[in-house]
Amino acid sequence: MDASSTSTASRSDWRRTHHCGALRKSDVGARVTLNGWVDARRDHGGIYFVDLRDRYGITQVVLGPEQAEAAKLGAEFTVSVTGKVVARDAQNVNPERPTGEIDVQVERLEILSRSEQPPFTIADENVALETRFTYRYLDLRRPQMQRNLMHRSRFINAMRRAFERQDFVEVETPILTRATPEGARDYLVPSRVHPGKFYALPQSPQLFKQILMVAGMDRYFQVARCFRDEDLRADRQPEFTQLDMEMSFVEEEDVFATWERVLQETFREAMQLEVAIPFPRLTWKQSMERFGNDKPDMRFGMELVDLAAWASSSEFAVFKGAIDAGGRVMGIAVPAAHALSRKDIEALETLAKGSGAKGLAYWKAGAAGGSGPLARFCVGERATLLMQALGAAEGDTCLFMAGKQSLVWRVLGELRNHLGKRFGLAQGAWRFTWVTSFPMFEFDEGEGRWFSAHHPFTAPADWEMGGANPDLASLVSRAYDLVLNGWELGSGSVRIHRSDVQQKVFTILGIGPEEQQKKFGFLLEALSYGAPPHAGLAVGLDRLTALSLGLDNIRDMLAFPKTTSATDLMCAAPSEVAPEQLFEVHIRSAVPPPAPGA
RNA sequence: GGGGACGUAGCUCAAUCGGUUAGAGUACCGGCCUGUCACGCCGGUGGUUGCGGGUUCGAGUCCCGUCGUCCUCGCCA
């Protein structure tokens, strides 16, 4: 009879004395008990080697012919073993493992829990996401995934301590809150008590944290779960976590300094990495001009250069025409060291066309006129002038884009990022950057109205907002982004603490006085009772922790992520609910019931 | 909502131009093996080719639809 499969002997004698990553040569001779999962079993006919795995590591345990149960052990069985720690002979040491100098010679084996044949081998790195998500509890047994979750825990806790050292108070804000008219689509929760009314899950704790400032909390932070019902991406989940913070009686630089300290201390504590501070500051305009986008990858050069002067005196009709039409002509010089093949340039052209460009002009720089399609417009001093304007050296490959400013920025920005990856320049460093002074409003052609570039609570650079008849497109806000290596990590702003300015912004956004009172009355009223000037920032922790491990997908930093269609394959959410449940919350489904027999 | 890639054994993949009984590795089962370390050797089981329809003498392969996963555009104040 298999007595070992039942735990009747004693309630406590199976419990571990060490975990599976603990034992070393210095423990030889000790009698120990280990608990863990069977990672692999090697049956040599009379002697069995079992790799026992837990969160801490793998220890090889050795069983002899007297342990008949050893032959019955399968992958992922949960077992308890008791035995003596023995040294391995020199030729049997496994240098790949910290525990590789010892074995545990098993005297007692107990199966705590059996396992069906697992759908995949835990050690197998190459398993379809669908399978991994369905059996996430097995997927999470992998050392890699456990490393990710442990790293995230260490990282976030280090951040918490860093904020507390700077006198920040962690305050929790509601998950059940009210829907907001602006921004992302809300997740709604029907109210049982109030028929026909709904809570919304917060897209961010924005208004609560501002109200905490009005309340005099002075410095607030929170590890906050946020919800947005929008389509997913590799770096976007419908629920995500932010390190959200807000502080009173401050301006931009105070927020920047706070975060620089927090990030420096966090990287030091959690990763033993030194992050250089202060981070460079760029205005939005500077970022667009130099890098073509508002989240610049600062790890390499090849910056955009304005060529208006050269282009307007050029005989090249495309360039001259672009300038005359009020557009831009810009270029980037790719150093000769990064030789671009004909094929490379074709790939770049395809990329440019994919982004809306009509074509891609290029020129191999040379004082004698160079070569490439643009060479015939680089006769005589025109060549040297162009090289000077571009900061290009002999032999550099120069790429040009002419047209509408937004197009020129976007295309050259994408080409630059592509080249950075192509030449392996976009790696290996932590280049944080502040991007400031974003536009206040953006006009949506489709809806025919103005939207906040950041959010409606962002302060304008000028409290008077250009007077009675402002040019909305040129108004600058006090919004800022934290950027790391080409990723937008977080964004924030100095907030509006004046009720009159807040009302004016709402009005510009097309929210009339009545709607303002109905939806934001509590905010406007709060601002009327002595609101301190305040500012804050929220950083996406899924992205930051993923980036800090070099992962390009945030799912590997989440214990239970959702698929691209926002489902949880493990627990099969979302799901239908019983009709009674709907009735209770006063909901009737508009979706027809499945056809009979379907 | 649009575009693209993929879907074949428990897992990872193969299968020529539409043509024999859909194969391999691994896992699993059985046998052998006392120093392996994702042990090795021998043998075996395992398939509604996601699902539904169509074209064809014949469909894993072609067509239509549908479901699912991933990437991406829109979207994400």
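When reading the values below, keep in mind they use all heavy atoms of this one structure, side chains included, and skip hydrogens, waters and symmetry mates. Proteins get letters first, then strands, A, B, ... in listed order; numbering begins at 1 in each.
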Peer 1: When we call it a touch if two heavy atoms are under 4.0 Å apart, what does A/Y48 touch: a base, just sugar-phosphate, or nothing?
Peer 2: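 Nothing: the residue A/Y48, judged by heavy atoms under 4.0 Å, touches no strand.
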
Peer 1: Please state how far atom CG in A/D43 lies from atom P in B/rC29, giving the value in whole angstrom units.
Peer 2: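 That distance rounds to 12 Å.
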
Peer 1: Ignoring hydrogens and geometry beyond distance, is a side-chain donor-acceptor pair present between A/R108 and A/S80 at under 3.5 Å?
Peer 2: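 A/R108 vs A/S80: donor-acceptor pair found between side chains.
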
Peer 1: Among the candidates B/rC76, B/rU69, B/rU36, find the nucleotide nearest to the side-chain atoms of A/R88.
Peer 2: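 The nucleotide sitting nearest to the side chain is B/rU36.
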
Peer 1: Name the pairing partner of B/rG74, where a pair is Watson-Crick or G-U wobble with both distances under 3.5 Å, or state none.
Peer 2: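 Partner of B/rG74: none.
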
Peer 1: Would you mind checking if A/D556 and A/R132 are paired as a salt bridge, meaning a charged N to carboxylate O distance below 4.0 Å?
Peer 2: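 A salt bridge links A/R132 with A/D556.
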
Peer 1: Decide yes or no, distance alone: a donor-acceptor N/O pair under 3.5 angstrom between the base of B/rC37 and the side-chain of A/R41.
Peer 2: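 Check fails, no donor-acceptor contact within cut-off.
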
Peer 1: Using purine N1 to pyrimidine N3 plus N6-O4 or O6-N4 for Watson-Crick, or N1-O2 and O6-N3 for G-U wobble, each under 3.5 Å, what pairs with B/rA15?
Peer 2: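 The base-pairing partner of B/rA15, which may sit in any strand shown, does not exist here.
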
Peer 1: Look at the side-chain N and O atoms of A/T121 and state whether any lies under 4.0 Å from the OP1 or OP2 oxygen of B/rU12.
Peer 2: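 Checking A/T121 against B/rU12: no side-chain N or O falls below 4.0 Å of OP1 or OP2.
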
Peer 1: Could you state the CG-P distance from A/D552 to B/rC70, rounded to the nearest angstrom?
Peer 2: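 After rounding, the gap between these two atoms is 14 Å.
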
Peer 1: Does A/R236 make a side-chain donor-acceptor contact with the base of B/rC76, cut-off 3.5 Å?
Peer 2: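 Per atom types, the contact qualifies.
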
Peer 1: Would you mind classifying the nucleic acid contact of A/A75 as base, sugar-phosphate or nothing, using non-hydrogen atoms under 4.0 angstrom?
Peer 2: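 Counting heavy atoms under 4.0 Å across all strands, no contact is made by A/A75.
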
Peer 1: Find the distance A/H44:NE2 to B/rU34:C1' and express it as a whole number of Å.
Peer 2: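 That distance rounds to 8 Å.
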
Peer 1: Is A/N553 touching bases, backbone alone, or none of the nucleic acid, heavy atoms closer than 4.0 Å?
Peer 2: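 If one applies the 4.0 Å heavy-atom cut-off, A/N553 turns out to touch the sugar-phosphate alone, with no base involved.
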
Peer 1: With rounding to the closest Å, how many angstrom separate the C1' atoms on B/rC6 and B/rU12?
Peer 2: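 Per the computed distance, 14 Å lies between those C1' atoms.
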
Peer 1: How far does the C1' atom of B/rC41 sit from the matching atom of B/rG50, given to the nearest Å?
Peer 2: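 Comparing C1' positions in B/rC41 and B/rG50 gives a spacing of 38 Å.
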
Peer 1: Base, sugar-phosphate, or nothing: which does A/F49 touch, judged by heavy atoms less than 4.0 Å apart?
Peer 2: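 Contact class for A/F49: base.
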
Peer 1: Just the rounded figure in Å: distance from P of B/rG68 to CG of A/D568.
Peer 2: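 Rounded to the whole Å, the gap is 15 Å.
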
Peer 1: Using the rule given for side-chain contact (heavy atoms from CB on, under 4.5 Å), can you reason through A/N293 versus A/W409, listing the C-alpha separation, both sets of side-chain angles and the distance that settles it, and then say yes or no?
Peer 2: CA-CA 7 Å; A/N293 58 51; A/W409 279 344; over 6 Å; no

Peer 1: With both distances under 3.5 angstrom, what nucleotide forms a Watson-Crick or G-U wobble pair with B/rU8?
Peer 2: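 The base-pairing partner of B/rU8, which may sit in any strand shown, does not exist here.
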
Peer 1: Can you check whether any acceptor in the base of B/rC76 is under 3.5 Å from a donor in the side chain of A/D229, or vice versa?
Peer 2: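 Not at all, since no donor on one side and acceptor on the other fall under 3.5 Å apart.
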
Peer 1: Is the closest side-chain donor-acceptor distance between A/Q502 and A/R495 under 3.5 Å?
Peer 2: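 No.
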
Peer 1: Quiz question: going by heavy-atom distance under 3.5 Å, is there a donor-acceptor pair between the base of B/rU34 and the side chain of A/R42?
Peer 2: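 A donor-acceptor contact between them is absent.
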
Peer 1: Among the candidates B/rA27, B/rU69, B/rU36, find the nucleotide nearest to the side-chain atoms of A/Q117.
Peer 2: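 For the A/Q117 side chain, the nearest candidate turns out to be B/rA27.
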
Peer 1: What's the CD-C1' distance between A/E125 and B/rU12, to the nearest Å?
Peer 2: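 Atom CD in A/E125 sits about 13 Å away from atom C1' in B/rU12.
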
Peer 1: Can you identify which nucleotide, out of B/rC71, B/rC11, B/rU12, has its nearest atom closest to the A/F120 side chain?
Peer 2: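 My answer, after comparing the listed nucleotides, is B/rC11.
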
Peer 1: Using a distance-only test with no angle check, is there a side-chain donor-acceptor pair under 3.5 angstrom linking A/E442 and A/S452?
Peer 2: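 Per modelled atom types, A/E442 and A/S452 side chains form no pair under 3.5 Å.
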
Peer 1: Categorize A/R555 for me: base, sugar-phosphate, or nothing, with a 4.0 angstrom heavy-atom threshold over every strand shown.
Peer 2: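 The residue A/R555 makes sugar-phosphate contact but no base contact.
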
Peer 1: Does A/D39 reach a base, just sugar-phosphate, or nothing at all? Heavy atoms under 4.0 Å.
Peer 2: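 A/D39: no heavy atom of the nucleic acid under 4.0 Å.
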
Peer 1: Under 4.0 Å between any heavy atoms, over every strand shown, what does A/T458 touch: base, sugar-phosphate, or nothing? Just pick one.
Peer 2: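 Nothing, no nucleic acid heavy atom in range.
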
Peer 1: Taking atom P in both B/rU49 and B/rG44, compute the distance separating them and give it to the nearest angstrom.
Peer 2: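 Approximately 24 Å lies between the P atom of B/rU49 and that of B/rG44.
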
Peer 1: Categorize A/P119 for me: base, sugar-phosphate, or nothing, with a 4.0 angstrom heavy-atom threshold over every strand shown.
Peer 2: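 Here A/P119 touches the backbone only, sparing every base.
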
Peer 1: Return no unless some side-chain N or O of A/T563 is found under 4.0 Å from OP1 or OP2 of B/rU69.
Peer 2: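 Yes, because at least one side-chain N or O of A/T563 sits under 4.0 Å from OP1 or OP2 of B/rU69.
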
Peer 1: Measure from the side-chain heavy atoms of A/Q60 and tell me the nearest of B/rC37, B/rA38, B/rC76.
Peer 2: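 Ranking B/rC37, B/rA38, B/rC76 by closest atom to the A/Q60 side chain puts B/rC37 first.
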
Peer 1: Output the rounded distance in Å from CG (A/D235) to P (B/rC70).
Peer 2: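 Spelled out: CG on A/D235 to P on B/rC70 is 14 Å.
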
Peer 1: When the P atoms of B/rA24 and B/rC42 are compared, how many Å lie between them, rounded to an integer?
Peer 2: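 Pairwise P distance, B/rC42 against B/rA24, rounds to 14 Å.
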
Peer 1: Select base, sugar-phosphate, or nothing to describe what A/R233 touches, counting heavy atoms under 4.0 Å on all strands.
Peer 2: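 Base contact - A/R233 has a heavy atom under 4.0 Å of at least one base atom.
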
Peer 1: If you measure from the C1' atom in B/rC11 to the same atom in B/rG7, how many Å do you get, rounded?
Peer 2: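 Looking at atom C1' only, B/rC11 and B/rG7 are 14 Å apart.
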
Peer 1: Taking B/rC39 as the reference, what is the distance to B/rG58 when you measure between their P atoms (whole Å, please)?
Peer 2: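 About 49 Å, rounded to a whole number of Å.
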
Peer 1: Between B/rC39, B/rC11, B/rU69, which nucleotide gets closest to the side-chain atoms of A/S565?
Peer 2: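 Selected nucleotide (nearest to the side chain): B/rU69.
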
Peer 1: Of A/F451 and A/K562, whose nearest nucleotide on RNA chain B comes first from the 5' end?
Peer 2: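 Its nearest nucleotide lies further toward 5', so the answer is A/K562.
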
Peer 1: From CG of A/D444 over to C1' of B/rC76, roughly how many Å is that when rounded to an integer?
Peer 2: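 So the two atoms are 14 Å apart, to the nearest Å.
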
Peer 1: Centroid separation under 6.0 Å, is that true for the rings of A/F443 and A/F451?
Peer 2: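 When the ring centroids of A/F451 and A/F443 are compared, they turn out to be at least 6.0 Å apart.
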
Peer 1: If I take atom OG1 from residue A/T78 and atom CH2 from residue A/W37, how far apart are they, to the nearest 0.5 angstrom?
Peer 2: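 One gets 6.0 Å once the value is rounded to the nearest 0.5 Å.
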
Peer 1: Does the structure show a Watson-Crick or G-U wobble partner for B/rU34, both distances under 3.5 Å? Name it, or say none.
Peer 2: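 When the pairing criteria are applied, nothing turns out to pair with B/rU34, so the answer is none.
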
Peer 1: Report the C-alpha distance between A/F560 and A/Y137 in whole Å, list the side-chain angles of each, state the deciding distance to 0.1 Å, and finish with yes or no for ring-ring contact (aromatic ring centres under 6.0 Å, His included).
Peer 2: CA-CA 9 Å; A/F560 302 105; A/Y137 40 86; 9.0 Å; no

Peer 1: Does B/rA59 pair with anything, Watson-Crick or G-U wobble, both distances under 3.5 Å, and if so, with which nucleotide?
Peer 2: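 Matched B/rA59 with nothing under the 3.5 Å cut-off.
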
Peer 1: Closest approach to the side chain of A/D231, judged atom by atom: which nucleotide of B/rU36, B/rG74, B/rG68 is it?
Peer 2: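 The answer is B/rG74.
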
Peer 1: Take atom CD of A/E130 and atom C1' of B/rG7, then tell me their distance rounded to the nearest Å.
Peer 2: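 After rounding, the gap between these two atoms is 8 Å.
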
Peer 1: What does B/rC29 pair with, Watson-Crick or G-U, if both distances are under 3.5 Å?
Peer 2: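 Its partner is B/rG43.
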
Peer 1: Determine the Euclidean distance between corresponding P atoms of B/rU36 and B/rU16; express it in Å to zero decimal places.
Peer 2: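 Those two atoms are separated by 43 Å.
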
Peer 1: Answer yes if the side chains of A/T350 and A/E346 hold a donor-acceptor pair under 3.5 Å, and no otherwise.
Peer 2: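 Note: A/T350 and A/E346 side chains miss the donor-acceptor criterion.
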
Peer 1: Taking any heavy-atom pair under 4.0 Å as a contact, classify A/N92: base, sugar-phosphate, or nothing.
Peer 2: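 If one applies the 4.0 Å heavy-atom cut-off, A/N92 turns out to touch a base.
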
Peer 1: I'd like the C1' distance from B/rU56 over to B/rC62, given in whole Å.
Peer 2: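 So the two C1' atoms sit 10 Å from each other.
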
Peer 1: Among all residues two or more places apart in sequence or in another chain, which pass the salt bridge (Lys or Arg N to Asp or Glu O under 4.0 Å) test with A/K562?
Peer 2: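 Residues passing salt bridge (Lys or Arg N to Asp or Glu O under 4.0 Å) with A/K562: A/E239.
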
Peer 1: Suppose we call a contact any N or O donor and acceptor under 3.5 Å apart; does that hold for the side chain of A/D103 and the base of B/rG35?
Peer 2: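 Donor-acceptor pair under 3.5 Å: yes.
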
Peer 1: Remember a base hit wins even if backbone is also touched, and classify A/T180 as base, sugar-phosphate or nothing at under 4.0 Å, heavy atoms.
Peer 2: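 No contact.
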
